[in-house]
Amino acid sequence: MSEIDHETVPVPAAAKERAACSLADYEAMYRRSIDDPEGFWAEQAQRLDWFRDPRTIANWSYDPVDIRWFEDGSLNICHNAVDRHVAAGNGDTVALIFEPDDPQGEVRRLTYADLRRETIRMANTLKKMGVAKGDRVTIYMPMIPEGAIAMLACARIGAVHSVIFGGFSPDAIAGRIEDCASDWIVTADEGLRGSKTVPLKANVDAALEKAPVKAALVVRHTGADVAMTEGRDHWYHELSQGVAEDCPCEEMKAEDPLFILYTSGSTGKPKGVLHTVGGYAVWTETTFRYVFDYRPGEVYWCTADIGWVTGHSYIVYGPLQNGATALMFEGVPNWPDHDRFWAVCAKHKVNIFYTAPTAIRALMREGTAHVRKHDLSSLRLLGTVGEPINPEAWRWYHDNVGRGETPVVDTWWQTETGGIMITTLPGAHPMKPGSAGRPFFGVCPELVDGDGQVLEGAASGNLCIARSWPGQARTVYGDHERFVQTYFSTYRGKYFTGDGCRRDEDGYYWITGRVDDVINVSGHRMGTAEVESALVLHPKVAEAAVVGFPHDIKGQGIYCYVTLNAGEEPSDDLAAELRQWVRKEIGPIATPDHLHFTPALPKTRSGKIMRRILRKIAENDYGSLGDTSTLADPSLVDGLIEGRLNR
Ligand code: WTA
């Protein structure tokens with residue numbers, strides 16, 4: 001073992017004992033999933049209800065790019081997530097526990113029977129508005145059950161949902177509505193986060209001025225007095241009056257679209273990643289089942305927002321297809337105090353807890369007293385997702401939240417992968433803090449060097465996936481060429497993840513972070529190009545270059561180099577104004593940490609911005625700036641370093 005792999009944490013005895021999947025089972029199942037993928041996935045797919053069983057299991061190619069799974073089968077994922085459990089006699093099992101922002105507020109518990117009734121009500125209301133199979137429905141909601149219900153209702157009637165995170169700005173909403181030509185939007189009056197209100201309906205109104213829709217459905221949540229546009233806006237509680245109490249689940253072909261989710265790439269506007277029904281259903285059902293090893297009666301909590309893929313796959317579709325009880329939390333980790341997560345775990349006797357490293361690091365800083373205040377003995381499994389976890393944070397999480405007893409699964413995956421790809425399984429794999437672990441069934445990771453050579457054994461390289469898996473995204477909505485270019489052109493015939501990675505002697509994968517111009521801020525993916533285009537829209541800005549830099553809590557922070565138009569003077573006020581500007585253009589998650597005014601950006605003689613140098617300077621790493629002689633003006637670098645040191 002190399003020195004970086006300093007420790008291995010054995011599988012806890014209790015986890016080993018209860019495990020549905022031992023190490024030997026994992027090895028055998030993994031082998032089978034690679035040797036006989038069709039047989040393996042045909043079997044996994046049998047846990048779902050199909051209108052028509054699939055006979056053709058895998059039919060995909062990476063060159064040209066055409067990905068299909070279960071293509072002659074038909075099913076409905078809402079049926080599998082909701083109705084199936086009611087039909088099996090589990091209608092009284094709690095599906096969703098809603099914990100509101102205010103700890104004194106009302107907890108809601110929806111059984112599978114309730115969820116079925118509410119989903120039907122929403123589905124019939126959408127139909128009443130005119131939504132039909134294949135239509136794109138935008139969902140811009142707070143973290144309340146109606147968010148999940150809106151997604152399930154779309155799936156039920158075959159409409160394609162496009163959920164937008166509630167923290168995005170009106171401009172970001174408008175761009176996404178236009179990109180997928182969505183005629184419908186579901187929102188709420190306001191959201192609540194840490195006692196602050198989020199003006200969801202007002203944001204939608206501003207967005208719809210740029211990107212009109214046929215109708216907006218508004219769920220009443222805080223009861224705020226919001227503007228309603230006659231003929232376009234409908235209150236959900238009014239429009240849903242008198243709708244039928246039945247609504248069949250539409251028979252969907254496995255390759256019909258299920259949802260679009262926008263995500264950042266290294267260039268251009270966010271891409272509408274498209275997932276289809278069959279493969280995504282099987283992937284989220286199977287990964288949830290094996291990774292979380294869920295048992296009836298347990299309470300599972302994923303702290304993500306439904307606006308991100310983690311919320312789609314591991315609050316809604318994964319747990320519900322497994323008939324699990326999932327907690328939905330509206331609030332934030334640090335309000336009313338830094339113990340909120342642990343208070344909620346104790347209050348609802350949470351057994352499985354899944355969160356992001358950035359939250360762990362932020363709470364770690366507040367000390368262990370907040371954790372010790374609460375009885376966390378119900379917890380038996382912890383998980384992390386979204387970014388690499390530093391071993392120190394892993395240790396803190398395991399020792400304090402997990403009492404030093406629970407397994408921790410560090411799950412690596414992406415919006416494009418639909419669900420978990422690399423992870424340990426709780427009863428099977430010893431854990432290495434900082435490593436995501438081993439490939440899930442059917443996943444063939446490859447490390448590739450700059451020349452496209454596949455590296456064997458212990459090695460570091462760019463992480464590719466050599467073969468398709470059922471949960472894989474099928475295309476970028478409306479732009480298949482962009483899908484091909486982004487993921488399949490760097491290494492022909494392979495899916496390129498955009499992540500760098502190391503594999504150790506034991507076959508464990510250590511994700512080292514993005515190797516492209518995407519940064520990961522608090523587990524949220526952001527394209528540096530998006531922040532740059534927002535900045536240059538400001539009338540005083542001439543040019544901008546944005547890079548990531550290491551940040552203790554957020555993982556990466558946003559560092560912006562800005563040059564101003566002739567005649568404009570840098571000032572603290574202008575810096576504050578630009579920060580505000582980016583928040584307005586994209587949303588609070590894109591707020592720059594540092595604005596660095598510079599008279600010019602370092603460029604090559606052919607005019608290309610030398611991002612490598614800008615990155616190093618933002619990282620305070622001046623020793624390895626590399627060759628600066630190709631710069632048009634090498635003297636610029638000293639000024640940039642001085643500017644960096646002064647902040
Ligand atoms: C990063 C989130 C290290 C990675 C599910 C990936 C991780 C990007 C991990 C996808 C992890 C996600 N360890 N890095 N366990 N999980 N990432 O699309 O860089 O929002 O490419 O999906 O997050 O982010 P996305």
Side-chain angles (χ1 to χ4, degrees), residues 163-165 167-168 259-266 270-275 280 283-284 287-288 291 302-318 354-361 382-391 393-394 397 408-424 431-440 443 445 462-465 471-473 476 486-487 490 495-503 508-528 530 548 554-556 589-590:
V163 183
I164 301 179
F165 171 58
F168 277 123
F259 68 84
I260 299 165
L261 187 56
Y262 286 86
T263 191
S264 298
S266 35
K271 299 179 284 279
V273 168
L274 183 92
H275 283 282
Y280 179 81
W283 193 251
T284 49
T287 49
F288 180 86
V291 177
C302 164
T303 67
D305 190 285
I306 52 162
W308 308 112
V309 75
T310 307
H312 282 56
S313 300
Y314 297 110
I315 295 177
V316 182
Y317 292 114
Y354 190 33
T355 195
T358 188
I360 298 168
R361 286 191 296 264
L382 302 177
T384 71
V385 56
E387 48 178 324
I389 184 163
N390 44 314
W394 193 103
Y397 191 38
V408 176
V409 290
D410 172 354
T411 62
W412 175 86
W413 59 292
Q414 312 179 293
T415 305
E416 296 86 344
T417 70
I420 295 166
M421 299 287 280
I422 297 179
T423 181
T424 51
M431 297 157 278
K432 300 191 187 195
S435 164
R438 307 279 306 270
F440 190 74
V443 175
N462 291 334
L463 179 62
C464 293
I465 312 290
Q472 182 167 31
V476 167
T486 310
Y487 305 106
T490 316
Y495 168 78
F496 176 41
T497 65
D499 280 338
C501 184
R502 183 171 70 85
R503 181 174 48 221
Y508 276 57
Y509 288 80
W510 302 70
I511 306 293
T512 50
R514 303 286 305 196
V515 294
D516 53 11
D517 289 320
V518 171
I519 54 181
N520 194 324
V521 182
S522 300
H524 302 320
R525 237 167 104 166
M526 194 136 4
T528 50
E530 279 169 72
K554 302 188 204 178
Q556 279 187 300
I589 54 167

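Read the numbers this way: they start at 1 and go in the same order the structure lists the ligands and their atoms. Just so you know, residue 1 is the first one in the sequence shown, and it goes up from there.
- Interatomic distance, CH2 of Trp308 versus CG of Leu261, reported as 8.5 Å (0.5 Å rounding).
- We find the OG1-CZ distance between Thr424 and Phe440 to be 12.0 Å, quoted to the nearest 0.5 Å.
- At a 4.0 Å heavy-atom cut-off, ligand 1 does not touch Val518 at all.
- Within ligand 1, the atoms closer than 4.0 Å to a non-hydrogen atom of Ile511 are 3 (C), 14 (N), numbered from 1 in the order shown.
- Contacts of Thr411 with ligand 1, taken as heavy-atom pairs under 4.0 Å, involve the backbone alone.
- Below 3.5 Å of separation, one finds no N or O of Thr263 facing any N or O of ligand 1.
- Annotation for ligand 1: atoms under 4.0 Å from non-hydrogen atoms of Thr310 are 5 (C).
- Using modelled atom types, one side-chain atom of Ser313 and one backbone atom of Gly418 make a donor-acceptor pair closer than 3.5 Å.
- Here's the thing with Gly386: one of its N/O atoms is less than 3.5 angstrom from an N/O atom of ligand 1.
- Here the side chain of His312 pairs no donor or acceptor atom with the backbone of Gly307 at under 3.5 angstrom.
- Here Asp499 has side-chain heavy atoms under 4.0 Å from ligand 1, and that is the only part of it that gets that close.
- Nearest protein neighbour of atom 11 (C) of ligand 1, counting heavy atoms only, is Glu387 O, 3.5 Å.
- Interface of Asp410 with ligand 1, defined as ligand atoms under 4.0 Å from a residue heavy atom, comprises 11 (C), 13 (N), 15 (N).
- Taking OG1 of Thr411 as the reference point, atom OH of Tyr354 lies at 2.5 Å (rounded to 0.5 Å).
- Of the polar atoms of Arg514, at least one N or O is found under 3.5 Å from an N or O of ligand 1, judged by distance alone.
- Here is the list of ligand 1 atoms found below 4.0 Å of a heavy atom in Val385: 5 (C).
- Contacts with ligand 1 closer than 4.0 Å are made by side-chain heavy atoms of Arg525 only, the backbone lying farther away.
- A tilted orientation is assigned to the rings of His275 and Tyr280, their planes being inclined by 30° to 60°.
- Residue contact check: Asn520 has heavy atoms under 4.0 Å from atoms 1 (C), 23 (O) of ligand 1.
- The side-chain heavy atoms of Met421 and Trp283, taken from C-beta on, include a pair separated by under 4.5 Å.
- Exactly one of Glu387, Glu416, Glu530 qualifies for a salt bridge (charged side-chain N to carboxylate O under 4.0 Å, His left out) with Arg525. That residue is Glu416.
- Ranking the protein heavy atoms by distance from atom 10 (C) of ligand 1 puts Trp413 O, 3.6 Å first.
- Scanning all protein heavy atoms for the shortest distance to atom 3 (C) of ligand 1 gives Pro388 N, 3.1 Å.
- Contacts of His524 with ligand 1, taken as heavy-atom pairs under 4.0 Å, are absent altogether.
- The shortest non-hydrogen separation linking Thr486 to Thr490 is O-OG1, 4.4 Å.
- The minimum heavy-atom distance between Pro388 and Arg361, with the atom names listed, is O-NH1, 3.9 Å.
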